[in-house]
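I have placed the structure first, in the form of structure tokens, so that the comments after it can refer back to it.
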Amino acid sequence: MQLYNTLTRRLDELPAPPGPVRMYFCGPTVYARAHVGNARPYVIGMWLHSWLRSRGYEATLVHNITDVNDKIYDAAPGKSAELAARATEWYLQDTGDLGLGRPDRMPQATESIPQIVHFIEELIARDFAYAREGDVYFRVARYPDYGQLSGQRLDQVEQGEEPSPLKEDPRDFALWKATKPGEDTWWDASWGRGRPGWHIECSAMAEDAFGPVFEIHGGGIDLVFPHHENELAQSRALGHPFAQLWMHNGLLEFTGEKMAKSVGNVVTLREALDEWGRETLLLLFLGSHWRKPMDFSDETLAAAAARGQGFREVFLGPSEPTPAGAWESFEAALEDDFNTPQALALLHEWRDHELLRRALDLFGLGSLAELPEAPADVVDLAQRRQRARAERDFDEADRLRAEIESHGWEARDVADGYQLVPRR
RNA sequence: GGCGCCUUGGCCGAGUGGUUAGGCACAGGUCUGCAAAACCUGGUACACCGGUUCGACUCCGGUAGGCGCCUCCA
């Protein structure tokens with residue numbers, strides 16, 4: 001099993017089964033309803049987890065939730081804890097509705113404060129961090145390998161806003177921030193009252209779950225710098241190997257533009273689920289490679305929906321054996337950098353119900369094999385239509401078909417009678 | 001300015017140094033009372049310019065265009 005590794009900039013081989021494969025995927029900051037782009041690392045993580053398990057790996061997936069940070073304070077002044085709790089519920093509900101099951105653990109930053117504080121203490125003890133007026137900063141200059149993940153050269157990094165006068169070096173980043181007026185959540189540490197910085201929580205939570213070394217760290221490609229660079233620096237500063245393989249998924253775009261609030265083109269996961277349904281959404285994700293940007297548009301969604309209908313049709317038809325080696329080709333596609341578009345293309349060739357169902361189940365799409373039962377009134381209409389056809393009263397038969405369609409069903413004539421299929 | 005990634009037929013999207021990707025859409029056909037579904041048939045595309053090679057969409061270099069990130073901000 002090979003996966004592209006941001007750190008080594010090449011395809012790296014995973015250890016042979018049973019592994020273990022311990023995976024940590026960065027989750028959302030809970031200050032608003034998650035947008036559909038936030039679902040991509042969740043979906044990829046769950047699929048990979050499911051795939052590795054089926055291949056005999058001891059795969060474990062941890063997906064964190066960032067429930068304390070500036071965005072949350074800004075979004076709900078004085079009530080950030082309530083907002084975080086509510087938005088966490090939204091996130092669990094929306095990702096749950098994807099129907100992929102759950103990661104093995106979903107730690108929250110606010111429930112990991114002791115581990116975070118301990119981590120910072122270690123960094124201070126080894127001189128990799130320093131406290132200033134209640135803030136604590138990581139001393140980048142003391143970690144020479146800084147930049148190894150992103151390839152950023154520090155002398156070329158753009159200086160953004162006015163650097164904090166508390167920093168020894170403008171490149172240093174916060175591990176802990178002293179509490180400010182109006183902030184309603186804080187914790188006490190030896191250097192003062194405050195709350196954790198953004199990057200430290202992931203190092204602390206990942207190592208709390210897995211120990212100082214684990215196999216895979218995932219997240220959106222926008223997290224490479226500075227977030228993941230900083231995580232790596234913190235952990236390796238303490239001599240921890242940390243993640244071996246870094247997976248960064250491409251972002252969602254709307255016709256070439258990044259999905260972002262500033263562009264005004266955000267679609268929430270909730271909206272996407274309500275409008276298109278989980279199967280179509282999953283097929284859209286499945287049809288694009290995890291590392292590539294993905295166009296989220298009515299056109300690409302409609303194509304995904306059509307794919308889904310295509311699979312449903314297969315299950316409505318007779319099961320036929322798939323040529324020898326089909327499953328092996330499918331496996332090979334996934335073993336090669338988890339190439340789901342390639343794997344999906346292969347599935348379109350299959351007519352073997354059992355095999356196809358098995359493959360679709362890996363991606364939470366086994367429901368495509370299930371034909372819902374028509375309600376009694378629709379069945380009654382279909383039976384009346386059958387009688388009309390037998391009497392060659394085709395005007396009545398066509399009228400009944402139209403009526404069946406108005407109930408959201410489609411009547412098809414098959415060899416031994418009729419078939420009722422939901423209209424999509 | 002720096003770092004990284006991308007550019008395939010109407011659309012989405014794989015892949016390979018010389019051989020059909022697949023899906024969607026479209027057209028014709030078979031089937032059907034009519035349909036639907038299914039099946040059959042129909043397009044050799046790979047940003048541009050050089051180079052390497054017997055031969056490149058596939059390797060190398062450059063150009064153009066697009067995308068992400070560049071420190072407290074997913």
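Protein chains get the first letters and strands the later ones, always in sequence-line order, with residue 1 at the start of each.
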Heavy atoms only, 4.0 Å cut-off, all strands: where does [X] land among base, sugar-phosphate and nothing?
X	value
Glu410(A)	sugar-phosphate
Glu349(A)	sugar-phosphate
Arg385(A)	base

Considering Watson-Crick and G-U wobble pairs with both distances under 3.5 Å, what does [N] pair with?
N	value
C26(B)	G42(B)
G65(B)	C6(B)
U53(B)	none

Could you tell me whether [X] and [Y] have a side-chain N and a carboxylate O separated by less than 4.0 Å?
X	Y	answer
Glu403(A)	Arg399(A)	yes
Glu391(A)	Arg387(A)	no
Glu271(A)	Arg33(A)	no

Phe296(A) side chain reached by Leu281(A) side chain, heavy atoms, under 4.5 Å =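 Yes, their side chains come closer than 4.5 Å.
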inquiry  = Looking at U7(B), I'd like to know if its phosphate oxygens (OP1 or OP2) sit under 4.0 Å from a side-chain N or O belonging to Lys292(A).
reply    =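 Checking Lys292(A) against U7(B): at least one side-chain N or O falls below 4.0 Å of OP1 or OP2.
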message = On the nucleotide G15(B), are OP1 or OP2 found under 4.0 Å from the side-chain N or O atoms that Asn339(A) carries?
response =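 Yes, because at least one side-chain N or O of Asn339(A) sits under 4.0 Å from OP1 or OP2 of G15(B).
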task = Would you state whether a donor and an acceptor, one from the side chain of Arg291(A) and one from the base of C5(B), lie under 3.5 Å apart?
result =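 Check fails, no donor-acceptor contact within cut-off.
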inquiry  = Counting only side-chain heavy atoms from C-beta out, which of U71(B), G15(B), G2(B) sits nearest to Asp336(A)?
reply    =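 Nearest nucleotide to the side chain: G15(B).
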